[in-house]
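To keep things clear, I will list the structure first and then write my remarks on it.
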2 protein chains.
Amino acid sequence: MARPKRPPWQVEQTKNKIFQATLELFNRQGYEAVTIRKIARRAGCSPATIYNYYSDKDALYLDILTEGFAILYQLLQAEPRSRDPLVRLRAYTAVFYRFSLDHPYYYDIMFSFHVPKYLDYAGTPAEETAFAEKEVALKNIGLILEAMADFYRGCPALRSAPGMVTGRALTLLGTCHGIISLHRSGIWAELETDFSALYFSAVDDYLQKLTREKEELLAGEVRLRAARQQPTGEEYSSRRSFWKKR
Amino acid sequence: MARPKRPPWQVEQTKNKIFQATLELFNRQGYEAVTIRKIARRAGCSPATIYNYYSDKDALYLDILTEGFAILYQLLQAEPRSRDPLVRLRAYTAVFYRFSLDHPYYYDIMFSFHVPKYLDYAGTPAEETAFAEKEVALKNIGLILEAMADFYRGCPALRSAPGMVTGRALTLLGTCHGIISLHRSGIWAELETDFSALYFSAVDDYLQKLTREKEELLAGEVRLRAARQQPTGEEYSSRRSFWKKR
DNA sequence: AGGTTAATTGAACAGTGTTAATATAACTTC
DNA sequence: GAAGTTATATTAACACTGTTCAATTAACCT
């Protein structure tokens with residue numbers, strides 16, 4: 001009984017070649033332009049060979065996607081870890097900004113696009129690769145979450161609003177992504193003059209809001225509840241009672 | 001010399017059939033699943049016929065895109081036009097929210113996706129259809145811009161920061177879109193509990209920020225400039241000096 | 001009726017992702 | 001070294017995609 005295999009370093013090498021070829025093609029031309037045959041030609045193999053290493057074209061893309069999240073995570077971690085959580089948050093948003101410019105195609109598939117097959121698994125995650133991708137994506141958000149938790153540490157009101165820290169983190173990320181996304185879509189190209197200024201102004205505004213909120217939280221909830229009398233008629237009043245319920 | 005045509009109502013009807021078939025298919029299955037042959041079968045014509053009315057598959061999609069913006073515009077306009085600009089803004093964000101849930105596929109191609117051929121015309125817009133689409137898209141943003149301008153009307157500091165109103169409008173829209181987009185991508189599905197609450201909390205926070213800002217603007221710039229002494233070391237301070245320069 | 005011509009079509013092309021049968025090549029055992 | 005075993009690689013095909021073009025249809029005018 002013989003159990004013959006090709007040298008494992010060789011098979012690993014071909015898989016690497018395929019991955020690398022996909023990466024280069026993808027970073028040059030984006031999602032739509034990359035085809036199995038192009039990848040095969042660049043990797044120096046047959047189109048069918050790819051299916052020995054990836055079940056799907058989507059599976060291959062998932063590897064690319066995961067690589068993208070890994071790169072972003074590395075960039076985020078490379079940032080000097082300041083003791084001030086706000087400095088960290090601000091640095092993260094700057095990294096996020098630069099990433100969207102330096103790796104536009106990565107950014108697209110990571111945040112704007114969708115490899116739908118993998119991103120919404122309503123039931124059990126049939127593919128364990130999908131799990132890995134989700135994990136590495138959440139690691140990125142985890143850094144923001146951690147900084148945000150650090151920022152709000154010591155606020156007594158937090159116990160009654162457990163989802164607040166997460167909400168603040170997701171809102172910050174959402175704001176960053178939204179501005180980047182709409183800018184890149186070109187939908188407001190005629191209106192916007194300075195993208196960078198718009199982005200960081202929004203970020204700073206939100207961070208300032210967080211600072212003010214923390215001060216109020218530390219000053220005690222009483223001031224919060226009294227806050228502002230309900231105005232008459234249709235005049236608008238933004239309540240912040242949300243995080244209290246549920 | 002004869003100038004024979006098929007009855008014009010008939011040709012208009014086939015074009016309508018094609019458009020309607022695309023619309024229905026699209027709203028059921030989204031961008032990727034819709035093919036020319038499916039459209040043709042549903043419209044009761046040959047695949048080649050479609051190319052009599054649309055130069056491209058992208059051109060056909062552009063019509064769908066435009067329809068999406070038209071629907072959104074209609075929804076925005078249907079909102080009772082309150083005298084308080086903040087009420088209007090808040091209503092717009094609510095419409096935007098509902099639209100993203102009621103017309104998810106529309107939302108994708110309008111804000112997350114990209115028919116890249118048409119959205120980034122660096123030079124002259126070769127296709128006048130692209131122009132029409134841009135126009136109807138900007139009409140939507142125009143409503144927000146108008147409300148925002150109403151809100152800041154009378155603030156004396158605006159003359160030195162002409163881009164501020166636009167920036168605030170785009171930031172509001174960006175925030176809304178970012179949260180919707182990341183929610184729909186599923187990237188933070190494990191973390192987020194109440195999407196609606198997260199969304200409107202972010203909106204209300206921003207509107208509250210605008211209210212505060214306006215108060216400060218009306219109180220005069222002096223208080224703004226003094227604002228807050230620069231903290232020591234690495235501690236973060238969000239400056240709001242941006243809108244002043246340039 | 002016959003002519004003109006816009007609208008429609010069937011058939012084909014080049015391309016896509018994917019797969020089944022086949023061929024290759026590396027290892028073990030004789 | 002030769003034969004056998006088997007993981008890897010390839011060839012050829014399938015069903016599909018968007019798109020084009022020559023040929024056909026059908027409505028109008030003379």
Side-chain angles (χ1 to χ4, degrees), chain A residues 1-22 25-26 29-65 109 113-118 127 129, chain B residues 1-22 25-26 29-65 109 113-118 127 129:
Chain A
M1 221 177 284
R3 38 180 188 78
K5 275 180 189 169
R6 299 218 168 158
W9 65 83
Q10 210 177 63
V11 37
E12 200 59 38
Q13 180 183 318
T14 46
K15 173 158 187 175
N16 236 295
K17 265 188 184 172
I18 292 172
F19 179 79
Q20 209 61 31
T22 313
L25 275 174
F26 170 74
Q29 320 184 7
Y31 182 94
E32 316 216 345
V34 176
T35 72
I36 292 286
R37 283 170 178 80
K38 278 190 196 170
I39 295 170
R41 213 176 35 200
R42 180 173 265 261
C45 70
S46 162
T49 304
I50 294 172
Y51 289 85
N52 275 348
Y53 298 95
Y54 296 97
S55 66
D56 242 10
K57 194 194 177 188
D58 279 351
L60 176 52
Y61 254 95
L62 196 70
D63 241 25
I64 301 291
L65 199 66
I109 59 168
F113 222 34
H114 54 265
V115 187
K117 199 165 154 192
Y118 295 95
E127 325 258 351
T129 43
Chain B
M1 220 176 287
R3 39 181 189 76
K5 275 180 190 171
R6 293 209 175 166
W9 65 82
Q10 209 177 63
V11 35
E12 200 58 38
Q13 180 184 318
T14 47
K15 173 158 187 172
N16 236 296
K17 265 190 187 173
I18 291 172
F19 179 79
Q20 210 61 32
T22 312
L25 275 175
F26 170 76
Q29 321 184 7
Y31 182 95
E32 317 217 342
V34 176
T35 73
I36 293 286
R37 283 170 179 80
K38 279 190 196 169
I39 295 172
R41 212 175 36 200
R42 180 172 267 259
C45 70
S46 162
T49 304
I50 293 172
Y51 290 85
N52 274 348
Y53 298 95
Y54 295 98
S55 66
D56 242 9
K57 193 193 177 190
D58 279 351
L60 177 51
Y61 254 95
L62 197 70
D63 241 24
I64 302 291
L65 199 66
I109 59 168
F113 221 35
H114 53 264
V115 186
K117 198 165 155 191
Y118 296 95
E127 325 258 351
T129 43

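Chain letters run A, B, ... following the sequence lines, proteins first and then strands; every chain starts at 1.
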A/Glu32 atom CD is separated from C/dG15 atom P, nearest whole Å, by 18 Å
Please determine, for the side chain of B/Thr14, which listed nucleotide (D/dT19, C/dT8, C/dT9) has the closest atom?
-> C/dT8
Nearest-Å distance for atom pair CD1/P, residues A/Ile36 and D/dC16 = 19 Å
Judged by nearest nucleotide, the residue sitting upstream toward the 5' end of DNA chain D, B/Val34 or A/Tyr53, is A/Tyr53
Give a yes or no on whether a donor-acceptor pair under 3.5 Å exists between the nucleobase atoms of D/dG18, that is its base, and the side chain of B/Arg37.
-> yes
Nearest-Å distance for atom pair CD1/P, residues B/Ile50 and C/dG10 | 13 Å
To the nearest 0.5 Å, atom CZ of A/Phe26 lies from atom CG of A/Leu60 at 10.5 Å
What is the distance, rounded to the nearest whole Å, between atom OH of A/Tyr61 and atom C1' of C/dT18?
-> 17 Å
Contact under 4.0 Å: B/Thr35 side-chain N or O vs D/dC16 OP1/OP2 | no
Rounded to whole Å, CG of A/Asn52 lies from P of D/dT6 at a distance of 17 Å
Could you label the plane-to-plane angle of the B/Tyr31 and B/Tyr61 rings as parallel, tilted or perpendicular, counting under 30° as parallel and over 60° as perpendicular?
-> tilted
Could you state the atom-to-atom distance from CD of A/Gln29 to P of C/dT16 in whole Å?
-> 11 Å
Choose from C/dG17, C/dT9, D/dT10 the nucleotide whose nearest atom is closest to any side-chain atom of A/Ser46.
-> D/dT10
Just how far, in rounded Å, is P of D/dC16 from NZ of B/Lys57?
-> 16 Å
Should the heavy atoms of other residues, nucleotides or ligands under 6.0 Å from NZ of B/Lys17 be counted, would the total exceed 12?
-> no
For C/dA7, does either OP1 or OP2 sit under 4.0 Å from a side-chain N or O belonging to B/Thr49?
-> no
For the pair made of OH in B/Tyr51 and P in C/dA11, what is the distance, rounded to whole Å?
-> 18 Å
If you measure from CD1 on B/Ile50 to NZ on B/Lys57, what distance do you get to the nearest 0.5 Å?
-> 10.0 Å
